[in-house]
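Notes to accompany the following structure.
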Amino acid sequence: MGSMTTVPAFIEARRSIRAFTDEPVPRELLDSLVEAACLAPAPHHSRPWRWVVIDTDDGKRALGDGMGAQWRVDLAADGVAPERIDELVETSRVKLMTAPALLLGCLTWDGLDRYPDETRRRAEWGMALLSLGAGVENLMLTAADAGLASCWVAAPIFCPEAARDALELAETWSPAALILVGSPSPAYTPRVRPPLPLDELRVAR
Ligand SMILES: Cc1cc2nc3c(=O)[nH]c(=O)nc-3n(C[C@H](O)[C@H](O)[C@H](O)COP(=O)(O)O)c2cc1C
């Protein structure tokens with residue numbers, strides 16, 4: 001893979017794996033993934049992230065139904081055909097229900113700097129999101145290292161209030177990143193990773 005040869009093997013080894021066995025993931029293992037996420041760098045010594053461990057059918061159903069209801073509204077507003085909406089929402093619901101565990105990363109303003117202007121408020125929130133993303137990568141690398149499969153799912157960032165209310169989280173928690181976790185289904189092969197065209201992706205000055 002050319003320029004990838006200098007990347008440590010454990011970085012390359014992490015893949016998005018979207019199919020799992022039924023085997024539950026022990027709570028301690030899930031906690032260790034959250035702990036890894038919480039070792040991420042964060043702006044000015046804040047810890048703006050909060051995590052929700054969801055490994056019960058009730059929890060998964062609540063989150064799937066809550067986010068699904070909002071997605072239905074959004075898809076209908078986009079003019080998507082009702083049968084297609086049913087299909088999309090159901091596929092997504094099944095994905096959540098069949099993952100042994102879900103880890104939901106949220107952000108709060110706790111510890112973040114407050115600014116009177118929108119520009120800096122956005123920048124501050126953006127920093128917190130970057131930090132959460134760093135945490136998610138820590139989490140997924142730790143999962144891969146433990147032989148677990150994981151996949152980051154975008155949904156909650158499109159409907160943070162729906163996700164928050166579905167799980168009865170504090171109003172100050174804003175869901176932003178969902179990670180499916182479980183033992184990898186032996187039948188699943190990750191998509192081929194396209195070559196990395198470094199010369200198109202970076203410049204030097
Ligand atoms: C912010 C974010 C959102 C993502 N959302 C989804 C998603 O909703 N469903 C999904 O199957 N994969 C999702 N992914 C996983 C990407 O598709 C995956 O990381 C990418 O294809 C690269 O593959 P790799 O992770 O195996 O290297 C998401 C990744 C990121 C970073």
Side-chain angles (χ1 to χ4, degrees), residues 1 4 7-40 49-72 84-106 132-160 162-164 166-169 173 175-194:
M1 218 177 244
M4 292 287 277
V7 172
F10 75 96
I11 302 275
E12 278 204 73
R14 182 215 54 80
R15 295 306 314 273
S16 295
I17 297 173
R18 300 172 173 82
F20 309 92
T21 68
D22 292 339
E23 204 183 327
V25 185
R27 276 273 166 97
E28 312 81 71
L29 198 42
L30 294 171
D31 280 349
S32 76
L33 301 184
V34 172
E35 230 175 305
C38 294
L39 293 178
W49 1 262
R50 301 290 181 271
W51 287 90
V52 190
V53 175
I54 307 156
D55 62 356
T56 64
D57 281 348
D58 284 351
K60 291 180 218 168
R61 190 173 301 109
L63 181 63
D65 288 350
M67 293 198 304
Q70 181 59 51
W71 199 22
R72 279 182 182 283
R84 180 70 184 137
I85 294 179
D86 287 345
E87 197 183 339
L88 285 167
V89 174
E90 179 59 14
T91 304
S92 165
R93 201 186 67 83
V94 168
K95 240 184 237 167
L96 265 53
M97 289 305 297
T98 52
L102 312 174
L103 295 173
L104 179 65
C106 307
L132 180 67
V136 174
E137 177 72 348
N138 276 2
L139 185 162
M140 295 179 77
L141 288 171
T142 305
D145 189 54
L148 291 171
S150 67
C151 186
W152 188 334
V153 168
I157 205 164
F158 290 100
C159 55
R164 179 196 65 201
L167 297 171
E168 299 178 344
L169 304 176
W173 291 25
L178 182 65
I179 302 94
L180 318 183
V181 180
S183 291
S185 162
Y188 187 81
T189 320
R191 300 174 194 200
V192 174
R193 195 174 245 156

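The first residue in the sequence is number 1, and the count goes up from there. Note that this is a predicted model, so its numbers are computed, not measured.
In this structure, CG on Asp57 lies 4.5 Å from CE on Met97, to the nearest 0.5 angstrom. The distance from the CG atom of Asp145 to the CE atom of Met140 is 14.0 Å, given to the nearest 0.5 Å. To the nearest 0.5 Å, the span separating CD1 on Ile54 from CG on Leu103 amounts to 7.5 Å. Expressed to the nearest 0.5 Å, how far CG of Leu63 lies from CG of Asp58 amounts to 12.5 Å. To the nearest 0.5 Å, the span separating CE on Met67 from CZ on Arg93 amounts to 12.0 Å. The line from CD1 of Ile157 to CH2 of Trp152 is 8.5 Å long, rounded to the nearest 0.5 Å.
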Anything under 3.5 Å between a donor and an acceptor, one on a side chain of residues 23-30, the other on a protein residue two or more places apart or in another chain? List them.
unit_1 : atom_1 : unit_2 : atom_2 : d
Arg27  : NE     : Asp55  : OD1    : 3.4
Arg27  : NE     : Asp55  : OD2    : 2.8
Arg27  : NH2    : Asp55  : OD1    : 2.7

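Listed here is the closest heavy atom pair of Leu169 and Cys106: CD1-SG, 4.2 Å. The two atoms that bring Lys60 and Leu102 nearest to each other are CG-CD1, 3.7 Å, heavy atoms only. The two residues Leu180 and Lys95 have their closest heavy-atom pair at CD1-O, 4.2 Å. What you find for Pro156 and Ala163 is that their closest heavy atoms are CB-CB, 4.3 Å. Taking all atoms of both residues into account, the shortest heavy-atom contact from Trp173 to Trp51 is CZ3-O, 4.0 Å. Between Ile17 and Pro190, the closest heavy-atom pair is CG1-CG, 4.4 Å.
For Glu87, the CD atom sits in a packed shell: over 12 heavy atoms of surrounding residues, nucleotides or ligands are nearer than 6.0 Å.
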*Do Asp86 and Arg72 pass the salt bridge (charged side-chain N to carboxylate O under 4.0 Å, His left out) test, and can you show the C-alpha distance, the side-chain angles, and the key distance before you say yes or no?*
CA-CA 8 Å; Asp86 287 345; Arg72 279 182 182 283; 2.9 Å; yes

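Between the side chain of Thr142 and the backbone N or O of Asn138, at least one donor-acceptor pair lies under 3.5 Å. Judged purely by atom type and a 3.5 angstrom limit, Arg18 has no side-chain atom pairing as donor or acceptor with the backbone of Tyr188.
Taking the side chain to side chain contact (heavy atoms under 4.5 Å, CB included) definition, one finds that Phe10 meets it with Pro8, Leu141, sequence neighbours left out.
Using a 4.5 Å cut-off on side-chain heavy atoms (C-beta onward), Pro186 and Thr21 make contact. Residues Leu33 and Ile179 have side chains not in contact (no heavy-atom distance under 4.5 Å, counting atoms from C-beta outward).
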